[in-house]
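To start, the structure under review is shown below, and the notes come after it.
We name chains A, B, ... by the order of the sequence lines, and we start the count at 1 in each one. In this text, all values refer to a predicted model and were calculated from it rather than measured experimentally. As a basis for the values below, the full set of heavy atoms in this structure was taken, side chains included, without hydrogen atoms, waters or symmetry mates.
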2 protein chains.
Amino acid sequence: MSRTTIHDIAKELNTSPSTVSKALNNHPSISAATKELIKTTAVNLNYRQNRLASSLRSGRTNIIGIMIPSSDIGFFGGVVHGIEKIARSNGYNILLFQSNETGEYEVEGIETLLQTSVDGIIASIAKDTPNLDHFFDVKKRKVPLVLFDRVKDELNSPSVVVDDYKGAFMATEHLIQQGYMNIAHISGPQHIKIFNDRLCGYVDALKMNNLPVNDDLIQYGRNSIESGKFSAERLLGRSKDMDAIFAVEDFTALGALQYLKQAGVKMPEKMGMIGFGNESFSPYVTPSLSTIDQQPARMGEEAFTLFLEAMAKKANGSQNGEVEVAEEEPKKIVLDPVLIVRESSIRTPQG
Amino acid sequence: MSRTTIHDIAKELNTSPSTVSKALNNHPSISAATKELIKTTAVNLNYRQNRLASSLRSGRTNIIGIMIPSSDIGFFGGVVHGIEKIARSNGYNILLFQSNETGEYEVEGIETLLQTSVDGIIASIAKDTPNLDHFFDVKKRKVPLVLFDRVKDELNSPSVVVDDYKGAFMATEHLIQQGYMNIAHISGPQHIKIFNDRLCGYVDALKMNNLPVNDDLIQYGRNSIESGKFSAERLLGRSKDMDAIFAVEDFTALGALQYLKQAGVKMPEKMGMIGFGNESFSPYVTPSLSTIDQQPARMGEEAFTLFLEAMAKKANGSQNGEVEVAEEEPKKIVLDPVLIVRESSIRTPQG
DNA sequence: GTGAAAGCGCTAACAT
DNA sequence: ATGTTAGCGCTTTCAC
């Protein structure tokens, strides 16, 4: 009636549970013959390992915890996809938590993950996390912690992010190469690092190409379609020369696109446009929106790889007795963004 | 050094582990005073329950397994979001698996979920699953199984789907109410039930409104942007009267939209358009695409509620001794689709 | 190469 | 109201 255990198999074969356990785990000290025999019997009896018992005893769960703001956001869905895929191929499974950008849920979730004895945690930090105590707790418990996208340097953890500066630089330079000369930028709130990074990338690309940086062509928005519309209107009113816009993210770009279209500005002939983030709608708007891809799935894979490295390091560390190894600088992976060229930035040959 | 256990707390207070356990679990037989004392000490000693041990002993993990095709697909991301949210508020956590539409991964994942002793499984079946043995296995083990969206009646499990027929009916009737008279339909492969259901909804809406059903206005596509373009071209060539299209899903609608725009057909004045699925791009195309929403988050919540009901039933069942209760018809929830009206289907007052 | 024994940390039946 | 005891199913020394 109830689940078959290794005792049942042992009884069936007149051997011992420990032998069965070893055989099923391919322990070298068991002869090939008995391994074969035990494995067949296991199948016949419909045996299925109880991972709870195994984990309790061995101290490993082969489960890693994921903490993200929301799986409803395309980017995070993509990252989770990447993590789950590579994790599975390495024998790990995924316990998924969403903070919904709420510190409270994040704290709660991390607590639960620790209770579940996950082998590691991969997280992207919620916007409104009041403090990082819960993450420091993770480190205190020696549970490998890897951060991605929303990282915090104070945590001194391995992390993977995309190079925002470089992405902005690439976007701007692409517009320059297409022959646009007066390129505006709609930025976001400057206290958020990535937006400032993107602004710097834009400025440096102009400088590096010997183009003037014009403060009138820089607008600070609030990352929304509405804000994009408003910013585009302002820019258009301020400069007669502007012939392209690099927007800090795709929603802003979309708003700008919509405003300009409605204002009768021909794109991409009279006005080039590029966004950032490769949102799912960007291929389908008119004109289709050029943008910078952040490689979510790749980011997930890299994060998991960092986790594996941390696990390996941990295993080595405990071999070296109790000697507290001086904590080395955690590995920080910076992914290259990918330029996605679509209609909105391809200037057709001038007549 | 290592984790605090209930033994540590017991030793500290000169009491027994079982008392500590009961106190922490709010067992009624423990006095308020000792509960208080034990709980404070637990906090002081930085105690954290070992869920592995607890689950092994109690037979409950408070973890439910989720099996979806991919968290990279917007719809499933939304469902997972809904499940995780309500699950958490009920004390459950989510072990997430992706089949990537592959039967092999699905089988593997279900196996792992059973090994992990999840309390239940919520699944949406992969397209190419060769057979349903792995799901029957779940039922054999008496693990509650709930299906959503991609369901199979043979499994005789509680399930939640959206009413495709009704959604198609609503979409078509909306076009009729907007004054469109010659409404075409681009359908999908008819061996897939939902596409046939949508076709039926379209046909019945016409009939119910005393409009003729014209075979020339029905095109069978393959659910893609390209297919949408092609189908729209065919329809346009075949009928001079056609003034609206209901497309079987949003990508098809988008393709049709793009073709018609390029062909100079004014939308929504000369041609109305509505899709199905509320894909993330649909608000942002031009004209913005009216569509039918499938309420992914809601679907996840309902699925979880069905799981809770199955759990309750299971608990009751075992109370009634070993009497095998005749299996009653599983509850099948059919969600109402939601009509999302956007620009593409609002006929402006005729001049 | 195999088996005996201990125990991971917890819960729950059964005393007291 | 509290404590004793047993054991969930497995892994892992250690002995043979």
**Request:** Count the heavy atoms belonging to other residues, nucleotides or ligands that lie under 6.0 Å from NZ of K331(A), then report whether that count exceeds 12.
**Result:** no

**Asked** Quantified as the angle between the terminal helix axes (five pairs each), what is the overall bend of the helix from dG1(C)-dC16(D) to dT16(C)-dA1(D) to 10 degrees?
**Response** 30°

**Message:** So S21(B), base contact, sugar-phosphate only, or nothing? Heavy-atom distance under 4.0 Å.
**Reply:** base

**Prompt:** Sub-3.5 Å donor-acceptor pair from the side chain of K22(B) to the main-chain atoms of S29(B), do we have one?
**Reply:** no

**Fill in**
Rounded to whole Å, CD1 of I6(B) lies from P of dT11(C) at a distance of 6 Å

**Message:** I need the OH-C1' distance between Y47(A) and dC10(D), as an integer number of Å.
**Reply:** 7 Å

**Asked** Of the candidate nucleotides dG9(C), dT2(C), dG9(D), which contains the atom at the shortest distance from the side chain of A53(B)?
**Response** dG9(C)

**Asked** In whole angstroms, how far is the P atom of dT2(C) from the CG atom of L37(A)?
**Response** 10 Å

**Request:** Round to a whole Å and report the spacing from CG of N50(B) to P of dT11(C).
**Result:** 9 Å

**Complete:** note: I38(B), atom CD1; dT11(C), atom P; distance rounded to Å ~ 12 Å

**Message:** Using a 3.5 Å distance criterion without hydrogens, assess whether the side chain of R51(A) forms a donor-acceptor pair with backbone atoms of T61(A).
**Reply:** yes

**Prompt:** Would you call E101(B) and R150(B) a salt bridge, taking side-chain N to carboxylate O under 4.0 Å as the test?
**Reply:** yes

**Message:** Quick check against the 3.5 Å criterion: does K152(A) have a side-chain atom that pairs as donor or acceptor with the backbone of I125(A)?
**Reply:** no

**Prompt:** What nucleic acid atoms does T5(B) come within less than 4.0 Å of, heavy atoms only: base, sugar-phosphate, or nothing?
**Reply:** sugar-phosphate

**Asked** Applying salt bridge (charged side-chain N to carboxylate O under 4.0 Å, His left out), which residue pairs with at least one partner in residues 83-93 of chain B are found, sequence neighbours left out?
**Response** E84(B)-R88(B)

**Item:** Donor-acceptor side-chain pairing of E12(A) and T41(A) below 3.5 angstrom
**Value:** no

**Asked** Hey, does the side chain of S29(B) come within less than 4.0 Å of dA1(D)'s phosphate (OP1/OP2), counting only N and O?
**Response** no

**Message:** Has T5(A) got a side-chain atom pairing as donor or acceptor with H7(A)'s backbone, closer than 3.5 angstrom?
**Reply:** yes

Which protein N or O atoms sit under 3.5 Å from an N or O of nucleotides 3-6 of chain C?
from   : atom 1 : to     : atom 2 : distance (Å)
dG3(C) : OP2    : T15(A) : OG1    : 2.3
dG3(C) : OP2    : S16(A) : N      : 3.4
dG3(C) : OP2    : T19(A) : OG1    : 2.7
dG3(C) : N7     : S18(A) : OG     : 3.3
dG3(C) : O6     : K22(A) : NZ     : 2.3
dA4(C) : N6     : S18(A) : OG     : 3.3

**N46(A) and R48(A) side chains, donor-acceptor separation under 3.5 Å** = no

**Prompt:** Taking NZ, NE, NH1 and NH2 as the nitrogens, is one of them in R298(B) or E302(B) under 4.0 Å from a carboxylate oxygen of the other?
**Reply:** yes

**Complete:** When rounded to whole Å, the CD to C1' distance for the pair E36(B) and dT2(D) reads 18 Å

**Message:** Can you measure K11(A) atom NZ to dT2(C) atom P for me and round it to whole angstrom units?
**Reply:** 21 Å

**Request:** Quickly work out the N26(A) CG to dT2(C) P distance and round it to whole Å.
**Result:** 14 Å

**Asked** Counting just side-chain N and O atoms, does S58(B) come under 4.0 Å of either OP1 or OP2 of dT11(C)?
**Response** no

**Fill in**
Closest to the 5' end of DNA chain D, once Q49(A) and K35(B) are matched to their nearest nucleotides, is K35(B)

**Request:** Describe the nucleic acid contact of S55(A) in one word from base, sugar-phosphate, nothing, applying a heavy-atom distance below 4.0 Å.
**Result:** nothing

